[in-house]
Protein chains: 2
Amino acid sequence: MAPESPADRVPERTGPCARWPAEHGETMRQIVERAGDKWSVLVIGTLENGPLRYTDLQRSIPGISQRMLTHTLRQLRRDGLVTRTAYPEVPPRVEYALTGLGRTLLDAVTALIDWAGTHHDEITANRARYDSEAAAG
Amino acid sequence: MAPESPADRVPERTGPCARWPAEHGETMRQIVERAGDKWSVLVIGTLENGPLRYTDLQRSIPGISQRMLTHTLRQLRRDGLVTRTAYPEVPPRVEYALTGLGRTLLDAVTALIDWAGTHHDEITANRARYDSEAAAG
DNA sequence: CCGTATCCTTGGAGATACTG
DNA sequence: CAGTATCTCCAAGGATACGG
């Protein structure tokens with residue numbers, strides 16, 4: 001490769017992030033963002049203890065709208081993280097459950113939630129300090 | 001507590017998710033969402049190998065706008081995940097680096113990225129199947 | 001009971017131009 | 001070099017009403 005200027009301080013890092021394979025860039029982003037999505041995380045976490053019906057999910061997750069519950073469930077089903085089982089009864093009953101894949105994601109997400117819980121106070125303190133310093137100038 | 005209707009199928013799960021302490025609800029969401037934020041993850045990952053200057057970050061993260069780089073760096077500084085060091089030189093030089101806290105977050109996020117990488121193909125296949133089934137009816 | 005369809009508001013994010 | 005300021009656009013998400 002042609003020699004560069006002496007100001008070439010950036011080392012042998014051509015891509016954005018080493019562990020973020022550019023090959024799958026688009027899909028990777030979507031997957032990681034799903035894990036950071038509030039509603040997805042809450043739905044997955046709520047299903048941890050076993051299958052639940054649509055209405056039970058809605059009641060177990062305060063603040064979620066029908067629109068977002070339906071939408072989130074569809075995304076999770078599409079990715080194979082959650083299954084939907086309709087029982088041909090009257091009145092109709094539909095249950096949602098985690099798949100094996102969904103359970104492994106739950107583990108990874110749980111690690112993140114634990115991290116957030118562990119460092120919650122520290123981060124809150126950091127923010128308070130930063131804000132007060134910014135206000136003081 | 002007053003006895004409920006027989007349709008009381010939801011077990012002793014009053015809150016949304018057991019591992020998601022409602023006490024810190026708001027902050028927890030922000031923290032977890034930060035870990036799912038594309039730009040935050042890329043900035044943190046890019047700083048893995050050592051401090052970098054503003055312009056180097058911008059060049060190392062293709063597609064990031066000045067606005068989002070500045071904004072993301074400010075959030076990360078506020079949370080105490082990244083430090084900003086200005087060297088009083090001419091021309092001015094500013095370096096950004098991970099803090100210890102930032103490095104621990106990097107570990108947790110790396111686990112998630114690894115999960116995404118591991119199951120990338122499976123998820124892609126799941127989506128393809130779901131989409132084709134939806135199209136077929 | 002289990003969703004779909006529609007309207008509407010908000011703020012996230014890119015592009016651009018300018019300052020210390 | 002290292003940002004700030006402003007404009008603009010668009011898509012995520014809430015509220016609501018209706019269909020199977």
Indicate whether OP1 or OP2 belonging to D:dT4 is found under 4.0 Å from a side-chain N or O atom of B:Tyr54. no
Kindly write out the residues that satisfy ring pair (Phe, Tyr, Trp, His ring centres under 6.0 Å) with A:Trp39, not counting sequence neighbours, or none if the list is empty. none
Taking C-beta and beyond as the side chain, do A:Tyr130 and B:Asp79 meet within less than 4.5 Å on heavy atoms? no
Using whole Å, report how far CD of B:Glu95 lies from P of D:dC1. 14 Å
What nucleic acid atoms does A:Thr55 come within less than 4.0 Å of, heavy atoms only: base, sugar-phosphate, or nothing? sugar-phosphate
Is the shortest heavy-atom distance from the side chain of A:Arg34 to the side chain of A:Leu76 under 4.5 Å? yes
Apply side chain to side chain donor-acceptor pair (under 3.5 Å) to B:Arg74 and list each qualifying residue two or more places apart in sequence or on a separate chain. none
Is B:Tyr87 touching bases, backbone alone, or none of the nucleic acid, heavy atoms closer than 4.0 Å? nothing
Measure the spacing between CD of A:Glu95 and CZ of A:Arg84 and express it to the nearest 0.5 Å. 11.5 Å
Which two nucleotides bound the region of DNA chain C that has atoms under 4.0 Å from heavy atoms of chain B, read 5' to 3'? C:dA13 to C:dA17
In terms of the nearest nucleotide of DNA chain C, which residue is placed more toward the 5' end: A:Thr70 or A:Pro92? A:Pro92
Taking all heavy atoms of A:Val32 and all of B:Ala35, pick out the closest pair and write down the distance. CG1-O, 4.0 Å
For residues 73-86 of chain A, which residues have at least one heavy atom under 4.0 Å from DNA chain C? A:Arg74, A:Arg84
Residues B:Pro92 and B:Arg53: closest non-hydrogen pair is O-NH2, 3.6 Å
Rounded to whole Å, please give me the gap between CG in B:Leu52 and P in D:dA2. 11 Å
Which atoms form the tightest heavy-atom contact between A:Ser60 and A:Thr46, and what is the distance? CB-CG2, 3.7 Å
Does the side chain of A:Leu47 come within less than 4.5 Å of A:Leu57's, by heavy atoms? yes
Test item: B:Met68 and B:Lys38 side chains (from C-beta on) under 4.5 Å apart, heavy atoms: no
Which pair of heavy atoms, one from A:Gly80 and one from B:Asn126, lies closest together, and at what distance? CA-ND2, 3.7 Å
Does the side chain of A:Ile31 reach to within under 4.5 Å of the side chain of B:Trp115, using non-hydrogen atoms? yes
Contact state string [nucleotides 11-17 of chain D, B base, S sugar-phosphate only, - no protein heavy atom under 4.0 Å]: --BBB-B
Pairs counted as Watson-Crick or G-U wobble with both distances under 3.5 Å: what dot-bracket string results for DNA chain D, using | for bases tied to another strand? ||||||||||||||||||.|
Beyond-backbone contact of A:Tyr96 with A:Val43, side-chain heavy atoms, under 4.5 angstrom: no
